Amino acid sequence: MKYAGLLVMPAGFFLSIAALVLFPAPAPRAAFVLCGLAVEALGLAVAVRGHMEARQEPLP
């Protein structure tokens, strides 16, 4: 899963860059940039959770 998160983060970045280039109106541009930032945040969350160690249950 950590590699999936690392692949999703650049996708959000390129989505934001594409929105800046393709949309001349500020409202759709802002919406797509926010969506791109959300995709980057989700990718970061997946990458961080993939690198976390699993909790071990205490012995009885």
Side-chain angles (χ1 to χ4, degrees):
M1 286 300 288
K2 56 186 163 185
Y3 299 117
L6 294 175
L7 291 174
V8 169
M9 287 191 310
F13 174 75
F14 289 122
L15 181 65
S16 298
I17 297 300
L20 292 174
V21 172
L22 294 175
F23 292 111
R29 181 186 306 165
F32 269 83
V33 167
L34 288 176
C35 288
L37 292 175
V39 168
E40 286 185 52
L42 289 173
L44 181 63
V46 169
V48 167
R49 288 198 56 150
H51 282 86
M52 290 173 55
E53 292 183 18
R55 290 188 185 192
Q56 294 185 6
E57 296 183 18
L59 295 174

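Computation of the quantities below employed the complete heavy-atom set of this structure, encompassing side-chain atoms and omitting hydrogens, waters and symmetry-equivalent molecules. Remember, predicted model here, so these are calculated numbers, not experimental data.
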L44: which residues meet the side chain to side chain contact (heavy atoms under 4.5 Å, CB included) condition with it, sequence neighbours left out?
M9, V48

Scanning both residues in full, the closest heavy-atom pair of L37 with S16 reads N-OG, 3.9 Å

By the rule that ILVMFWY residues connect when side-chain heavy atoms come within less than 4.5 angstrom, directly or transitively, which residues belong alongside V8?
V39

Under the ring pair (Phe, Tyr, Trp, His ring centres under 6.0 Å) rule, what pairs show up with a residue in residues 30-50, not counting sequence neighbours?
F23-F32

